[in-house]
Amino acid sequence: QVQLVESGGGLVQVGGSLTLSCTASRNIFDLDHMAWYRQAPGKQREFVARINTGANTVIASSVLGRFTISRDTAKNALNLQMTDLKPDDTSVYFCNTGLGRVDYWGQGTQVTVSS
């Protein structure tokens with residue numbers, strides 16, 4: 001099993017930047033994938049970005065060119081660098097990974113972008 005803890009959320013103005021981190025309770029080298037999702041109040045959870053083995057990444061079109069996903073295996077961490085933030089980016093951001101047939105989620109970190 002693996003526990004995930006997100007951090008780095010906060011309040012930022014439109015056009016600002018913020019970096020989120022997800023720290024895992026174990027090494028992340030052999031995890032199936034690591035990804036970021038987000039969910040705004042009253043809306044469905046949506047995919048943001050994913051990084052697979054070989055450092056292949058998939059970025060949602062809504063954040064492409066503004067968000068960058070990366071991993072730091074030495075720190076057992078997944079990062080999401082966000083730039084040019086918009087009000088629509090306001091959401092709780094969740095870290096996600098898979099181990100075997102089990103999907104794991106963190107508790108989320110709040111990002112609020114003020115206009």
query = In terms of hydrophobic clustering (I, L, V, M, F, W, Y; side-chain heavy atoms under 4.5 Å; direct or indirect links), are Val5 and Leu78 co-clustered?
reply = no
note = Sorted by chain and residue number, the side chain to side chain contact (heavy atoms under 4.5 Å, CB included) partners of Ser17 (sequence neighbours excluded) come out as Thr83
query = Nearest 0.5 Å, what's the CZ-CE distance between Arg50 and Met34?
reply = 11.5 Å
message = Quick check against the 3.5 Å criterion: does Asn96 have a side-chain atom that pairs as donor or acceptor with the backbone of Tyr104?
response = yes
key: Backbone N/O of Gln107 and side chain of Glu6: donor-acceptor pair under 3.5 Å   = yes
query = Taking the side chain from Arg38 and the backbone from Thr90, do they hold a donor-acceptor pair closer than 3.5 Å?
reply = no
note = Partner of Leu11 under side-chain contact (heavy atoms from CB on, under 4.5 Å), picked from Thr112, Val113, Leu18, Val111, is Thr112
Tabulate below the donor-acceptor pairs under 3.5 Å that side-chain atoms of residues 20-28 make, not counting sequence neighbours, or state none.
unit_1, atom_1, unit_2, atom_2, d
Ser21, OG, Asn79, OD1, 2.9
Ser25, OG, Gln3, N, 2.8
Ser25, OG, Gln3, OE1, 3.1
Arg26, NH2, Asp30, OD1, 2.0
Arg26, NH2, Asp30, OD2, 2.9
Asn27, OD1, Phe29, N, 3.3

message = Listing request: all disulfide bond (SG atoms under 2.5 Å apart) pairs with a residue in residues 32-87, at least two apart in sequence or in separate chains.
response = none
remark   = For Arg66, the salt bridge (charged side-chain N to carboxylate O under 4.0 Å, His left out) test, sequence neighbours excluded, returns Asp89
remark   = CG of Asp103 to OG1 of Thr97, rounded to nearest 0.5 Å, is 8.0 Å
inquiry  = Please identify which of these residues, Val48, Ile51, Val63, Thr19, meets the side-chain contact (heavy atoms from CB on, under 4.5 Å) condition with Leu80.
reply    = Val48
request  = May I ask you to list the residues sharing a hydrophobic cluster with Val58, side-chain cutoff 4.5 Å, ordered by chain and number?
outcome  = Tyr37, Phe47, Val92, Phe94, Trp105
ask   = Is there a side-chain contact between His33 and Asn56, using heavy atoms and a 4.5 Å cut-off?
value = no
remark   = Residue pairs meeting disulfide bond (SG atoms under 2.5 Å apart), one or both in residues 36-82, sequence neighbours left out, come to none
task = Could you give me the CA-CA distance, side-chain angles and deciding distance for Leu85 and Phe67, then say whether side chain to side chain contact (heavy atoms under 4.5 Å, CB included) is met?
result = CA-CA 9 Å; Leu85 285 162; Phe67 290 14; 3.9 Å; yes
